[in-house]
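Whatever order the structure lists them in is the order used to number ligands and atoms, beginning at 1.
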Amino acid sequence: MPRFSRLFNPPARDILPSEITPESLYLNRRQLMTAGAGLAAASLLPSAFAAGDLVTKPSRYNVGNEEKNTFEQITHYNNYYEFGTDKDDPARNAGTLKTRPWNVVVEGACEKPKTFDIDSLLRLAPLEERLYRLRCVEAWSMVVPWVGFPLSELLKQVVPTSKAKYVEFTSLADKKQMPGVTMPVLDWPYTEGLRIDEAMNPLAILAVGLYGKVLPNQNGAPIRLIVPWKYGFKSAKSIVKIRLLENQPATAWNKAAPQEYGFYSNVNPEVDHPRWSQASERRIGEFLRRKTLMFNGYANEVAGLYKGMDLRKFY
Ligand SMILES: Nc1nc2c(c(=O)[nH]1)N[C@H]1C(S)=C(S)[C@@H](COP(=O)(O)O)O[C@H]1N2
Ligand SMILES: [Mo]
């Protein structure tokens, strides 16, 4: 079995692939890459949306005057373990992901459960461009111009009942398209969860694009969650199912290492990861570290959600 404690390594220095990758996966890297390359060649047919521009309206939810990370940085420094655990693996391997046809099942504690075709989701609500900070639990960060719409718009469509206290998100887990899913890195499929009030917060969006274009596969095409005040791993990629639940769902990272990754996962410079500090971060492309902000800088918008909660206990 892989040693989960080696995943998400201390980020104060550059991380070696041999450190962050479980042994089994590391040994299989060559085979994995060869398989990935073959599959990629077989699926070179571009989807009609491959390079599509998205029509967006401006948004009031933008970070201030911080510089955007480049398209190259945002699409070549990824965590998407279904396509490998090195930062450049997803860019290399995710060409095999087929994003059409694509359905998102929304079910559970709601009056109108529904299966949405991805193209109907693109028309569900006006698309906005939102410049958000993304803070990874590994203590690096980026500034990304996402294109998406509020998660609340989708949830309203299915009319949650009073029993809907939590929302669970499930990513695709298809061995045929995702070489990493053959490795026991996480308990696939990747799942994540939010409390219903977090999910309804206007900052939480479903992203379908970045830099005005359809989302590249390695960033979670065709639709992924963005919860900017939480560590990046909350933002499940390539979502196929959303369930409204009465009880708090399990999450993939919490199952893998519960003492390291909690359900809430709010960005908090005062609560360290057991193996490294969360007080500062390195913006990708920069050399000096910067201070990590409470709730990733979104405290005004979201601190109220956690009034009276001990954030050391509910990490
Ligand atoms: N399905 C799935 N979703 C995922 C991940 C993953 O491995 N699989 N990685 C998470 C982590 S740790 C981060 S930091 C962000 C990275 O998103 P980005 O590659 O678009 O920057 O995706 C999150 N969503
Ligand atoms: Mo992350």
Of Phe83, Tyr77, Tyr81, the residue with the heavy atom nearest atom 7 (O) of ligand 1 is Tyr81
In terms of its nearest heavy atom to atom 19 (O) of ligand 1, the top option of Lys237, Gln73, Met178 is Lys237
Could you check whether any heavy atom of [X] sits closer than 4.0 Å to an atom of ligand 1, since that is the contact criterion I want to use?
X	value
Ser238	no
Phe169	no
Glu192	no

Item to check | ring pair (Phe, Tyr, Trp, His ring centres under 6.0 Å) between Tyr132 and Tyr61, worked out | outcome: CA-CA 8 Å; Tyr132 274 173; Tyr61 297 101; 7.6 Å; no
[X], portion touching ligand 1 at heavy-atom distance under 4.0 Å:
X	result
Glu82	side chain
Tyr190	side chain
Lys234	neither

Within ligand 1, which atoms have a heavy atom of [X] less than 4.0 Å away?
X	result
Ser171	1 (N)
Trp146	20 (O)
Ser235	4 (C), 22 (O), 23 (C), 24 (N)
Cys136	14 (S)

The side chain to side chain donor-acceptor pair (under 3.5 Å) partner of Asn266 among Tyr298, Trp229, Tyr231 is Trp229
Do [X] and [Y] meet the criterion of a side-chain donor-acceptor pair at a distance under 3.5 Å?
X	Y	value
Lys237	Asn219	no
Gln278	Thr292	no
Glu129	Thr56	no

Residue set satisfying ring-ring contact (aromatic ring centres under 6.0 Å, His included) with Tyr211, at least two apart, ordered chain then number -> none
message: Is it the case that ligand 1 has an N or O less than 3.5 angstrom from some N or O of Trp253?
response: no
Checking Ser141 against Arg135 for the side chain to side chain donor-acceptor pair (under 3.5 Å) test, could you report, in this order, the C-alpha distance in whole Å, the side-chain angles of both residues, the deciding distance, and whether it holds? CA-CA 4 Å; Ser141 64; Arg135 169 57 158 83; 5.9 Å; no
| query | Using the ring of each side chain (for Trp, its six-membered ring), is Trp276 parallel, tilted or perpendicular to His273, with breaks at 30° and 60°? | reply | parallel
Report task. Show the numbers, then the answer: is there a ring pair (Phe, Tyr, Trp, His ring centres under 6.0 Å) between Tyr261 and Phe233? Result -> CA-CA 9 Å; Tyr261 311 108; Phe233 69 89; 5.5 Å; yes
